[in-house]
Amino acid sequence: MELAPELLEELSGPHERSRELPALEGAENGVVMRFAPNPSGPLHLGHARASILNDYYVRRYGGRYVLRIEDTDPRRVDPEAYRMVLEDIEWLGLNITDIVYQSDRLDVYYDWCRRLIELGGAYVCVCDAERFRELKLKGKACPCRERTADENLDLWQQMLDGEFYEGDATVRVKTDLAHPDPAMRDFSAMRIVNAPPHPRVDAMVFPLMNFSVAVDDHLLGITHVIRGKDHIANTGRQRYIFDYFGWRPPVYRHYGRMGISGVVLSTSGMREGIRSGLYTGWDDIHLGTLRAIARRGIEPAAVRNAMVDIGIGETDITFSWENLYARNKELVDPKANRYFFVPDPVEVTVEGAPVHEARAALHPNDPSRGVRVLVAAGTVLLPKADIEGKSMVRLKDLYNIRIAWDGDVPQVTYAGESLGDARREKAPIIQWLPADARLPCTLHTQDGDIEGFCEPLVAGERDNVVQFERVGFARVDAVDGGRVSAYFAHR
RNA sequence: GCUGCUAUAGUGUAGAGGCCAAUCAUGUCGGCCUUUCACGCCGACGACAGGGGUUCGAAUCCCCUUAGCAGCACCA
């Protein structure tokens, strides 16, 4: 039998099952796109949307995908972040073809800045920033605007020669002081930063984002830019630079704001929390970093599918953890082995029970994977919350027990093996563990840690996502001296 | 305040004047299956922000209102 190609594709992985996004104008012959993070910390869900959406279109149309590290603000560069950003990109599986560090390109920016000044498109402003702001809001020119190109060239050289201190001079792009949006008026292109020193380059004059971005987008041949709408004003500013040089700007798409609840997202907030001990590190599960959700057992393809589902709409949205979990579950459910985890355990001896060997499938939909063998010799561990108030329960894959309550002390007796009996009495079927074959296990959740025990075989699942039956999916993070540490993903 | 963008079910999304008493996913609720409250299957619930226009006809076009968001840095 022949399989249809689209079926084959589906069998090849859950990767491309997501919906189709709108076409990009002018992309038919391939695209050059970019992901341009600032190396101030590891990547988070906000970065994931930007990078995956761009990645999506590069894969769809073919072309190059440039990773551009935007490290032109020494104050906002964390040397560690260079490594973390690369790690996170690899985790996401982005199809990066080129890597560019802006700190390697300062001479390029200096050169184009000089040309812009020669063209009369920029001037060196030595006004106090506050003073300039007042003038700008009134739509008035500052005195520096009248200087000739030659005078500006001199001042620019002085900036490069270190004859100005930080804050005393800046290069401004001449735009339109009457522009209805004050945000467009004569924005800065170059500035001086005396301290801290840049970790990668010995320099004091740095381009501001709008200048370096415009220059690089042109020089790198970027054809399409997909970014958040917080950049709309920047697009307008960058347009001036393109116009001065007669360059053709890329096609821009600005998607709406994405609110993410329940986690900390701001880099400064995360850093402070880590410093103060509130968080264990960049992968603390209360953070929205990719390494944090990876630790929780969320797969990169789930993030990708969730982001493509969200798309590039201009509407502001709230990110749905629920939807992400659903995406993850469809990936993880077929793979995850099943095990028993007994939270908040009660140890009981089952009166009259024969020694019995339970054979529980590692995966109910895939018998070929085999079974876990659990031997119940009479004393077992049961999840307290599941037996409270019950008179009969069935221990899954084992036998039925009857519970008589002496106050809050359960008296447990053997009630036969019949599954039919359990069904007739509507006895819940619950997980359990032999008292003598168990591993202490901590299940870390965002709401706190749950202590309990799990099957010994879980020790062999380090770094895998497993399903603790009736509890949910969890990633086995560490196995240390017979103790299991797992992170809850979702039900 | 100024400038601009957006507004479809709980959440995300499709829809570019008639094919929409509005798509898909997720969710919730029922049912089936099942030695997990997983997976799978079946069914149900649930939305065009409000008001005016234009048109034979509007979720789709225009205006107003309301709401949300973004920018107004010598950050990215």
Side-chain angles (χ1 to χ4, degrees), chain A residues 17-22 36-40 70-73 75-77 102 125 127-130 132-133 136-137 166-172 179-185 187-193 205-210 212-213 227-237 254-259 267 305-311 313-327 329-330 332-334 336 338-340 358 360-361 363-366 386 394-400 417-420 422-423 427-431 467-473 491:
Chain A
R17 58 144 288 288
S18 284
R19 71 192 185 85
E20 183 100 328
L21 260 26
N38 167 266
S40 58
E70 304 208 330
D71 55 350
T72 51
D73 179 0
R75 268 189 269 280
R76 293 194 23 163
V77 170
Q102 289 192 316
C125 175
C127 294
D128 176 72
E130 186 55 32
F132 178 84
R133 186 172 162 275
K136 176 186 75 176
L137 288 177
E166 180 167 335
D168 290 346
T170 182
V171 175
R172 293 188 183 283
H179 192 110
D181 186 352
M184 289 303 153
R185 301 171 190 163
F187 61 90
S188 275
M190 287 282 178
R191 66 160 175 175
I192 297 165
V193 182
V205 177
F206 291 91
L208 277 308
M209 171 215 189
N210 285 301
S212 49
V213 163
R227 41 161 33 164
K229 73 172 179 188
D230 46 320
H231 285 294
I232 285 181
N234 291 323
T235 298
R237 291 189 269 234
H254 299 101
Y255 55 75
R257 182 200 151 89
M258 181 170 79
T267 305
N305 291 340
M307 291 304 168
V308 174
D309 278 349
I310 287 169
E314 295 176 62
T315 318
D316 300 327
I317 58 155
T318 57
F319 174 80
S320 165
W321 290 99
E322 202 174 61
N323 290 352
L324 205 220
Y325 295 156
R327 290 287 168 249
K329 190 190 275 186
E330 72 191 7
V332 134
D333 182 84
R338 269 56 173 173
Y339 295 102
F340 290 155
H363 192 107
N365 300 341
D366 182 7
D386 285 305
R394 178 174 180 82
L395 308 189
K396 185 168 180 284
D397 301 301
L398 192 68
Y399 48 55
N400 307 327
E417 280 185 47
S418 163
L419 181 59
R423 290 231 165 101
I429 298 169
I430 66 171
Q431 78 278 27
Q467 189 203 49
F468 287 139
E469 297 196 45
R470 306 199 330 122
V471 174
F473 293 91
R491 291 196 59 87

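Throughout, a chain's letter reflects where its sequence line sits, starting with A, and its residues are numbered from 1.
- In this entry rG30(B) has rC42(B) as its Watson-Crick or G-U wobble partner, both defining distances falling under 3.5 Å.
- If you check every strand for non-hydrogen atoms under 4.0 Å, Ala129(A) touches a base.
- Pairing partner, rU23(B): none, since no Watson-Crick or wobble contact has both distances short of 3.5 Å.
- One cannot find a donor-acceptor pair under 3.5 Å joining the base of rC24(B) and the side-chain atoms of Asp309(A).
- Neither OP1 nor OP2 of rC5(B) sits under 4.0 Å from any side-chain N or O of Thr315(A).
- Taking 4.0 angstrom as the limit, Arg338(A) places none of its side-chain polar atoms (N or O) nearer than this to OP1 or OP2 of rA38(B).
- In this view, Glu322(A) satisfies the salt bridge (charged side-chain N to carboxylate O under 4.0 Å, His left out) rule with no residue, not counting sequence neighbours.
- One finds no side-chain N or O of Arg491(A) lying less than 4.0 angstrom from the OP1 or OP2 phosphate oxygen of rC37(B).
- Only the P atoms considered, rU36(B) is 48 Å distant from rA70(B), to the nearest whole Å.
- Look at Thr318(A) and you'll find a side-chain N or O under 4.0 angstrom from OP1 or OP2 of rG12(B).
- In this structure, Ser40(A) and Thr267(A) approach most closely via the heavy-atom pair O-CG2, 3.3 Å.
- Base pairing of rC72(B) is made with rG1(B), judged by Watson-Crick or G-U wobble geometry with both donor-acceptor distances under 3.5 Å.
- The side chain of Pro180(A) sits closest to rU3(B) out of rG68(B), rA76(B), rU3(B).
- Minimum atom distance to the side chain of Lys329(A) is reached by rC39(B), of the listed rC39(B), rA76(B), rU35(B).
- Within the 4.0 Å cut-off from OP1 or OP2 of rU35(B), at least one side-chain nitrogen or oxygen of Arg423(A) is found.
- Base pairing of rU36(B) is not made with any nucleotide, judged by Watson-Crick or G-U wobble geometry with both donor-acceptor distances under 3.5 Å.
- Checking rU3(B), rU36(B), rC5(B) against every side-chain atom of Lys229(A), the shortest atom distance belongs to rC5(B).
- Searching all strands for a Watson-Crick or G-U wobble partner of rA14(B) with both distances below 3.5 Å returns nothing.
- Evaluation of atom-type donor-acceptor distances gives a pair under 3.5 Å for the side chain of Glu322(A) against the base of rG10(B).
- Annotation: rA49(B) and rC33(B) have their P atoms spaced 42 Å apart (nearest Å).
- Legend: residues meeting salt bridge (charged side-chain N to carboxylate O under 4.0 Å, His left out) with Arg227(A), ordered by chain and number and at least two apart, are absent.
- Judged by atom type and distance alone, Asn323(A) reaches the base of rU11(B) through a side-chain donor-acceptor pair under 3.5 Å.
- Nucleotide rC61(B) forms a Watson-Crick or G-U wobble pair with rG53(B), both donor-acceptor distances falling under 3.5 Å.
- Across all strands shown, rU66(B) forms a Watson-Crick or G-U wobble pair with rA7(B), both key distances being under 3.5 Å.
- Which of rU11(B), rU35(B), rA76(B) sits closest to the side chain of Asp230(A) comes down to rA76(B).
- Between Arg470(A) and the phosphate of rC37(B), there is no side-chain N or O to OP1/OP2 separation shorter than 4.0 Å.
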